[in-house]
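So the structure is just underneath, and the comments pick up after that.
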Amino acid sequence: MFVQSLHLTQFRNYLDQSITFEQPKLILVGDNAQGKSNFLEALQLLATGRSQRANRDRELIQQGSDQGRVLAQVERREGRVELELILRATGHRTARLNGVTQPRIGNLLGQLNTVFFSSWDLDLVRGNPQQRRSWLDGILVQLEPIYAQLSDQYQQVLHQRNSLLKQIPPVPDHELALWDEQLARHGTRVIRRRRRLLTRLAPLATHWQSVISGGNETLQLSYQSRIPDQGDDPLQIEQQFREQLAQKQAAERYQGLSLVGPHRDEVEFILGETPARLYGSQGQQRTLVLALKLAELELLEQVNQQPPLLLLDDVLAELDLKRQNQLLGTIGERVQTFVTTTHLGSFERGWLKSAQVYQVNAGSLQEVS
Amino acid sequence: MYTRPLARLIDQLQRLPGIGPKTAQRLAFYLLKRPKQETLQLAQSLIDATEQIGVCRQCFTLSAEDPCDICSNPNRELSQVCVVAEPRDVIAMERTREYKGRYHVLGGLLSPMEGIGPEQLKVKELVQRVNRDEVGEVIMAINPSVEGETTILYVGKLLKPFTKVTRLASGLPMGGDLEYADEMTLARALEDRRELI
């Protein structure tokens with residue numbers, strides 16, 4: 001797929017900026033805090049409904065405005081679509097597809113696919129579990145848009161159950177049991193989809209890992225959960241979920257928090273026999289992250305039968321020249337790629353071929369010839 | 001800026017759901033522009049409604065009479081009770097003209113975040129009623145939200161020893177096209193699919 005144009009209105013530090021893409025690569029150069037990443041963030045928002053950097057929509061809207069807008073024309077294999085998302089300071093959103101207001105924001109999902117790779121992701125292997133969970137969730141909402149709703153419902157049950165656990169005096173067991181059942185039911189849906197995703201990603205990631213490192217260690221992506229992995233039968237998973245909840249009940253009541261469920265789950269990357277988190281230089285971990293991102297790209301491409309966009313946010317300069325070349329070789333001119341960087345000098349010349357280059361300065365763009 | 005009674009009126013209107021400052025101002029000016037008699041009638045109906053409408057002590061719906069029209073109608077089946085969250089859901093069910101039983105309004109849904117537990121709902125009254133009236137079936141007509149599902153689960157467990165408990169089927173809207181149904185509804189309908197008879 002190819003994004004033909006992007007129009008930002010009162011979005012972050014852009015008052016009214018539109019840009020048309022004619023080349024497979026777009027490179028945004030500029031100092032920090034000039035608005036380079038905001039472009040990639042806008043695309044990520046259309047693809048996943050979420051931003052890696054903002055917790056509230058208010059942060060996404062230009063200061064002093066009460067609403068902002070992101071609009072993109074996307075050329076898909078099936079034809080052209082116009083995606084539009086209106087953000088408000090109140091948090092209320094409106095989604096339009098080809099100009100038609102959608103009853104639900106989720107209808108926008110699945111239309112635009114992106115692989116987002118930022119310098120923050122370099123910590124994916126070693127960073128906190130939350131980061132790995134949102135990595136999985138970010139892929140899932142693009143592959144199976146219904147996942148966004150399942151995950152929201154789970155969060156809703158979780159919040160309800162947590163406030164019940166905090167109640168004084170403590171709630172009677174039979175009342176908590178109701179929410180246990182709901183947590184198990186909704187949590188099982190999330191767990192199954194996450195496990196399924198890892199199963200599909202693993203062979204692709206193993207392949208890329210050996211291509212990049214030249215080694216032949218096998219890479220396992222293992223979903224770590226209190227609920228043991230004994231097959232995909234939902235009733236059985238629910239049952240095990242409830243057993244774990246029963247075991248943890250005293251601790252949960254004591255802490256006033258739900259301690260079992262996909263919100264506490266984790267992904268472990270195992271290279272050969274060793275958890276990659278524990279071993280390996282920074283360089284090896286970067287290789288692994290790059291392999292994971294390429295696997296993500298390949299999976300999205302397989303499923304949608306067209307390549308997603310690749311968004312490289314301040315990360316290219318962090319990769320050594322060999323890895324930069326490998327990445328470039330893989331995407332070629334097939335994958336539309338957006339790159340932000342502070343210096344053009346820090347990466348391979350090949351990246352500048354078939355690229356539009358813009359200088360970004362305080363929310364305005366200027367083409368660099 | 002506004003003369004005092006007007007400011008008070010705008011302030012009161014603004015507290016209504018879905019009405020912001022601008023709409024409140026427009027409504028206030030509109031009310032004052034209309035013939036005095038009409039606006040006073042509106043005021044009077046507000047007073048009447050507030051003073052006369054209470055709660056039916058059997059089913060807890062809003063009603064000027066106690067028991068309400070439905071509870072006092074001998075033609076409505078005593079053995080079938082439809083459980084709903086709010087009085088407005090009674091109206092929705094009544095519009096179908098298909099239901100011949102009685103109602104029970106819970107007055108909300110379980111939601112620990114809002115401090116609503118079983119004690120805040122009319123659940124005890126429902127259990128008493130089921131036993132007293134020898135109710136043969138309780139139909140749960142409650143939204144399939146997270147809170148709704150939990151409430152259905154709770155009431156269902158409580159009543160199961162005494163009577164049959166059913167819930168409304170969820171699925172595709174009548175006359176709706178498959179392609180326009182949202183994924184959640186479709187997935188749900190798929191989950192609850194039935195064999196053709």
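Below, chain A is the first sequence line, B the second, and so on; all start at residue 1. Just so it is clear, the values below take in all heavy atoms, side chains as well, and ignore hydrogens, waters and symmetry mates. Quick caveat, the model's predicted, so the values are computed rather than measured.
More than 12 heavy atoms of other residues, nucleotides or ligands shown are found within 6.0 angstrom of NZ on Lys166(A). In the displayed structure, Arg129(B) atom CZ is contacted under 6.0 Å by more than 12 heavy atoms of other residues, nucleotides or ligands. Within a 6.0 Å sphere centred on NZ of Lys124(B), other residues, nucleotides and ligands contribute 12 heavy atoms or fewer. The number of heavy-atom neighbours closer than 6.0 Å to CD of Gln230(A), taken from other residues, nucleotides and ligands shown, is above 12. The environment of Arg132(B) atom CZ is dense: over 12 non-hydrogen atoms of other residues, nucleotides or ligands sit within 6.0 angstrom. When the shell of 6.0 Å around CZ of Arg104(A) is examined, it contains more than 12 heavy atoms from other residues, nucleotides or ligands. Annotation for Arg56(A): atom CZ does not count as buried by contact number, only 12 or fewer foreign heavy atoms lying within 6.0 Å.
Closest of all the heavy-atom pairs between Gln160(A) and Met113(B) is OE1-N, 2.9 Å.
Taken to the nearest 0.5 Å, the CD atom of Glu175(A) stands 6.5 Å off from the OH atom of Tyr154(B). Between the CG atom in Leu153(B) and the CZ atom in Arg185(A) there is a gap of 6.0 Å [rounded to 0.5 Å]. Note that the OG atom of Ser111(B) and the CD atom of Gln156(A) stand 7.0 Å from one another [nearest 0.5 Å].
Heavy-atom distances place the side chain of Gln167(A), and not its backbone, under 4.5 Å from chain B. For Gln149(A), the part sitting under 4.5 Å from any heavy atom of chain B is the side chain, from C-beta outward, and nothing else.
Residues Arg161(A) and Pro112(B) are not in side-chain contact: their nearest non-hydrogen atoms beyond the backbone lie 4.5 Å or more apart.
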Evaluation steps, side-chain contact (heavy atoms from CB on, under 4.5 Å), between Val146(B) and Trp179(A): CA-CA 10 Å; Val146(B) 160; Trp179(A) 292 98; 3.8 Å; yes

Derivation of the side-chain contact (heavy atoms from CB on, under 4.5 Å) call for Glu149(B) and Gln153(A): CA-CA 11 Å; Glu149(B) 294 283 344; Gln153(A) 284 178 346; over 6 Å; no

